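All values reported here derive from a predicted model rather than from experimental measurement.
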Amino acid sequence: MDTIILISLAASLVTLLYCAFLIKNILSLPTGEAKMQEIAKAIAEGASAYMGRQYKTVAAVALVLIAILTLALGVGYALGFALGATASAVAGFTGMMVAVRANVRTTQAAKKGLAEALQVAFQGGAVTGLMVASLALFSLSIVVLVSTLLSVNPTGPLVALGFGGSLISVFARLGGGIYTKGADVGTDMVGKIEKGIPEDDPRNPGVIADLVGDNVGDDAGMAADLFETYVVTTVSAILLGSLLFPANSTIMFPLLIGAIALIGSVVGTFFVKLPKSNRIMAALYQGLAGAAAFAVVGLGAVIAYYPPRLPGITYTQLFTTFLIGMIVTVGMVVITEYFTGKNSKPVKHVSEASLSGHGTNIIAGLALSMKSTLAPILLIAAAILVSYNMAGLYGIAIAAVSMLSLTGIIVAIDAFGPITDNAGGIAEMSGQKQSVREITDSLDAVGNTTKAVTKAYAIASAGLAALVLFAAYVQELGRAGSDVTFSLADPQVLVGLLIGASLPYLFAGLAIEAVGTAGTAIVVEIRRQFKEIKGIMKGTARPDYARCVDIVTQAALRQMVVPALLPVVVPIAVGLLLGSRALGGLLIGVIVTGLFVAISMTTGGAAWDNAKKYIEDGNFGGKGSVAHLAAVTGDTVGDPYKDTAGPAINPMIKVANVVALLLAPFLI
């Protein structure tokens with residue numbers, strides 16, 4: 001049995017045990033007084049209800065696809081698909097259920113101080129991050145192990161595994177995004193703008209739905225997204241290795257990278273400590289730095305002792321491509337923080353533009369979102385060129401795997417965000433002291449930036465992974481006997497490219513429209529309650545929170561199906577009707593425009609959000625000022641950008657590529 005498989009299995013199991021320890025530790029912490037517990041219980045029940053109904057909807061689609069895969073490609077593909085979908089769902093659901101229990105404990109810890117609250121919130125986020133990475137690596141290792149024991153080529157079931165994760169990802173990312181932003185937009189529009197009450201005010205009927213949304217979108221949705229990205233990236237590297245280096249015993253090298261970096265992510269969690277400067281972001285980056293350092297040193301030592309036997313690729317070239325992935329990760333963090341950090345120059349510019357009103361705020365935010373695409377694209381382009389010159393297409397694949405190897409710590413930093421957001425809501429609704437809310441607000445502001453960083457990280461890695469998947473698609477066509485080439489002079493390629501380039505725009509448009517529909521439904525309900533339930537504004541009557549949760553749940557589930565199926569149905573239609581060349585053109589179009597749309601939306605939306613928070617800190621007139629009202633409008637526009645359409649394009653890109661890969665044998 002291959003040593004790499006045993007190492008990756010051991011690393012994933014050790015990490016799962018560490019997750020169990022973290023869960024036990026979090027659940028043992030105090031939950032505060034009865035009012036806090038009541039609010040936290042309502043959030044947990046709403047999140048569970050939504051996720052249960054979402055998974056039932058996805059299960060119906062999954063069963064159909066399992067039947068098709070069984071008939072068309074065999075039982076191995078169907079089982080791989082089922083494993084990928086199940087593991088992704090388990091990672092997201094488990095992480096979210098821990099998050100909705102860590103939120104109230106973070107509020108209680110905030111009574112002691114910032115360091116204590118940070119520790120609880122980060123540990124809660126670490127469960128999600130480490131569950132995602134460990135279950136992804138475990139699933140990959142199991143498929144390879146079983147295939148090896150049965151003397152079966154693992155590449156087919158591995159691609160199906162990625163497809164299973166992709167299905168859950170696009171539904172969870174999209175459905176969760178529609179839910180969270182539909183609730184957020186509707187709640188803010190009536191509460192802040194029409195009634196003039198603060199965020200998370202218990203008098204607002206939509207406030208529980210809003211707090212639930214943070215978990216189903218930014219926790220479970222992001223978990224499914226990064227699970228899929230991790231699996232698909234690793235699978236594409238293994239597949240490309242099997243096509244470029246047939247019968248080579250070390251094509252499972254990407255699993256070794258994942259195993260070492262996973263342990264590095266566990267080590268990194270111990271470095272997250274609040275420094276004397278009280279800079280929260282610095283504390284989180286200490287964890288990321290610790291994980292990256294362990295991964296670099298660990299992999300360098302392992303491959304020096306146990307060098308992979310890859311023809312034409314030296315130790316130095318292989319290690320350099322790995323370092324490139326790490327550099328891209330750090331670069332994306334720096335670039336995203338510059339464009340989205342609350343105290344950054346671009347965000348302050350959007351805040352200042354709010355002084356002139358709503359229109360200038362929107363103009364400034366749109367301009368920032370467009371300008372923010374250049375630096376990440378240049379970074380990704382440089383990584384592609386250097387990696388390719390070092391080790392060809394395989395070098396690009398290893399750079400992508402290197403980026404995704406830090407998924408554990410990156411998602412931990414991201415999942416910290418919704419926990420702190422909920423902690424602030426619980427503090428506000430339960431009437432905690434101002435000092436407690438100030439601590440949760442400071443954590444939440446950092447959470448906005450970390451969420452933007454994670455989305456940018458996922459998008460950049462998706463770009464590299466999609467390029468590798470496209471290369472695998474071309475290689476798969478070649479192995480099946482087709483000498484197809486892709487030229488812009490070929491009308492079929494050009495038509496496919498144009499269709500593919502339009503897909504991210506259509507997908508994003510449908511997603512934003514869905515948020516509008518869900519937001520409208522919740523606005524109507526909140527207005528009705530304010531009108532019909534006397535005493536809400538005086539605090540003498542309790543709003544019907546559950547009704548709002550149910551309305552936005554139904555709206556999100558209805559609206560997510562059509563856009564989620566686009567990256568599955570359109571590639572199949574183009575491939576079968578127009579052929580392999582048109583399908584290749586479609587993939588190129590999806591990758592190129594998808595990267596730009598996703599980066600601009602996620603960055604711009606986060607900048608709008610933090611511009612509002614910068615004003616709420618007392619700048620440019622503070623809360624209630626003309627600038628603040630304009631910033632609330634900008635944040636409302638940016639919400640579906642950064643939390644629905646933008647991040648959901650990431651799995652959409654890869655779903656289209658994985659579908660094409662599965663379809664390739666039928667296009668010859």
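In this structure, the ring-ring contact (aromatic ring centres under 6.0 Å, His included) partners of Y50, at least two apart in sequence or on a different chain, are Y179. Partners of K111 by salt bridge (Lys or Arg N to Asp or Glu O under 4.0 Å), not counting sequence neighbours, listed by chain and number: E33.
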Test R173 against E228 for salt bridge (Lys or Arg N to Asp or Glu O under 4.0 Å), laying out the working first. CA-CA 11 Å; R173 220 11 170 157; E228 176 256 0; over 6 Å; no
Test M326 against M403 for side chain to side chain contact (heavy atoms under 4.5 Å, CB included), laying out the working first. CA-CA 6 Å; M326 292 286 166; M403 280 195 71; over 6 Å; no
As a quick check of understanding, evaluate side chain to side chain contact (heavy atoms under 4.5 Å, CB included) for L288 and V330, giving each step before the final call. CA-CA 9 Å; L288 177 59; V330 174; 5.8 Å; no
Assess whether salt bridge (Lys or Arg N to Asp or Glu O under 4.0 Å) is satisfied between R53 and D550, documenting all intermediate values. CA-CA 11 Å; R53 290 167 71 171; D550 188 58; 3.0 Å; yes
Give the intermediate values and the outcome of side chain to side chain contact (heavy atoms under 4.5 Å, CB included) for residues L443 and F416. CA-CA 9 Å; L443 291 169; F416 149 93; 3.9 Å; yes
Decide yes or no on side chain to side chain contact (heavy atoms under 4.5 Å, CB included) for L404 and L226, but give the supporting numbers first. CA-CA 8 Å; L404 267 301; L226 266 298; 4.0 Å; yes
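Side-chain N or O atoms of S625 include one that pairs as donor or acceptor with a backbone N or O of G622 at under 3.5 Å. The main-chain N or O of G624 is found under 3.5 Å from a side-chain atom of H628 such that the two form a donor-acceptor pair. Between the side chain of S461 and the main chain of A458, a donor-acceptor pair closer than 3.5 Å is present. Remark: side-chain polar atoms of T373 are not paired, donor with acceptor, to backbone N or O of F596 under 3.5 angstrom. Checking side-chain atoms of W608 against main-chain N and O of N361 turns up a donor-acceptor pair under 3.5 Å. Listed for the T340 side chain is no donor-acceptor partner under 3.5 Å among the backbone atoms of A606. A donor-acceptor distance shorter than 3.5 angstrom exists from the side chain of N657 to the backbone of I653, with no hydrogens or angles considered. Of the possible polar contacts, one joining the T603 side chain to the I599 backbone as a donor-acceptor pair under 3.5 Å is found. Counting only distance, with no hydrogens or angles, the side chain of T360 and the backbone of G357 share a donor-acceptor pair below 3.5 Å. No donor-acceptor pair closer than 3.5 Å links the side chain of S48 to the backbone N or O of E45.
Closest approach of P418 to D414, counting heavy atoms only: CD-O, 3.3 Å.
Here the straight-line distance linking atom CE of M281 with atom CD of Q286 works out to 12.5 Å at 0.5 Å rounding. Between D225 atom CG and I459 atom CD1 the span is 8.5 Å, to the nearest 0.5 Å. Atom CD1 of I208 sits about 6.5 Å away from atom CD1 of I39, to the nearest 0.5 Å. To the nearest 0.5 Å, atom CD of residue E525 and atom SG of residue C548 are 5.0 Å apart.
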Enumerate, atom names and distances included, each donor-acceptor pair closer than 3.5 Å involving a side-chain atom of residues 500-524, sequence neighbours excluded.
| unit_1 | atom_1 | unit_2 | atom_2 | d |
| --- | --- | --- | --- | --- |
| S502 | OG | I499 | O | 2.7 |
| T517 | OG1 | E513 | O | 3.1 |
| T520 | OG1 | G516 | O | 2.8 |

Show me the donor-acceptor pairs within less than 3.5 Å that the side chains of residues 532-540 make with the rest of the protein, sequence neighbours left out.
| unit_1 | atom_1 | unit_2 | atom_2 | d |
| --- | --- | --- | --- | --- |
| E532 | OE1 | R528 | NH1 | 2.8 |
| K534 | NZ | K531 | O | 3.0 |
| T540 | OG1 | G535 | O | 3.2 |

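Pairs of residues two or more places apart, or lying in two chains, never qualify as ring pair (Phe, Tyr, Trp, His ring centres under 6.0 Å) while including a residue from residues 528-550. Sorted by first and then second residue, the salt bridge (Lys or Arg N to Asp or Glu O under 4.0 Å) pairs involving residues 275-287 (not counting sequence neighbours) form an empty list.
With salt bridges taken as basic N to acidic carboxylate O contacts below 4.0 Å, one links R542 and E38. K342 has a carboxylate O that lies under 4.0 Å from a charged side-chain N of D617, or vice versa, which qualifies the two as a salt bridge.
Between I43 and I426 there is a side-chain heavy-atom pair separated by less than 4.5 Å. The side-chain heavy atoms of P563 and L174, taken from C-beta on, include a pair separated by under 4.5 Å. A heavy-atom distance below 4.5 Å is not found between the side chains of P543 and N204. Residues T128 and M96 form no side-chain contact, since every pair of their non-hydrogen atoms from C-beta on lies 4.5 Å or further apart. For the pair T329 and Y457, the minimum side-chain heavy-atom distance is below 4.5 Å. A heavy-atom distance below 4.5 Å is found between the side chains of V347 and S344. In this structure, the side chains of P346 and Y338 come closer than 4.5 Å at one or more pairs of heavy atoms.
Paired with N103 under the rule side chain to side chain donor-acceptor pair (under 3.5 Å), one option of N422, T440, T420 passes, and it is N422.
Surrounding NE2 of H358 are more than 12 heavy atoms belonging to other residues, nucleotides or ligands, all under 6.0 Å away.
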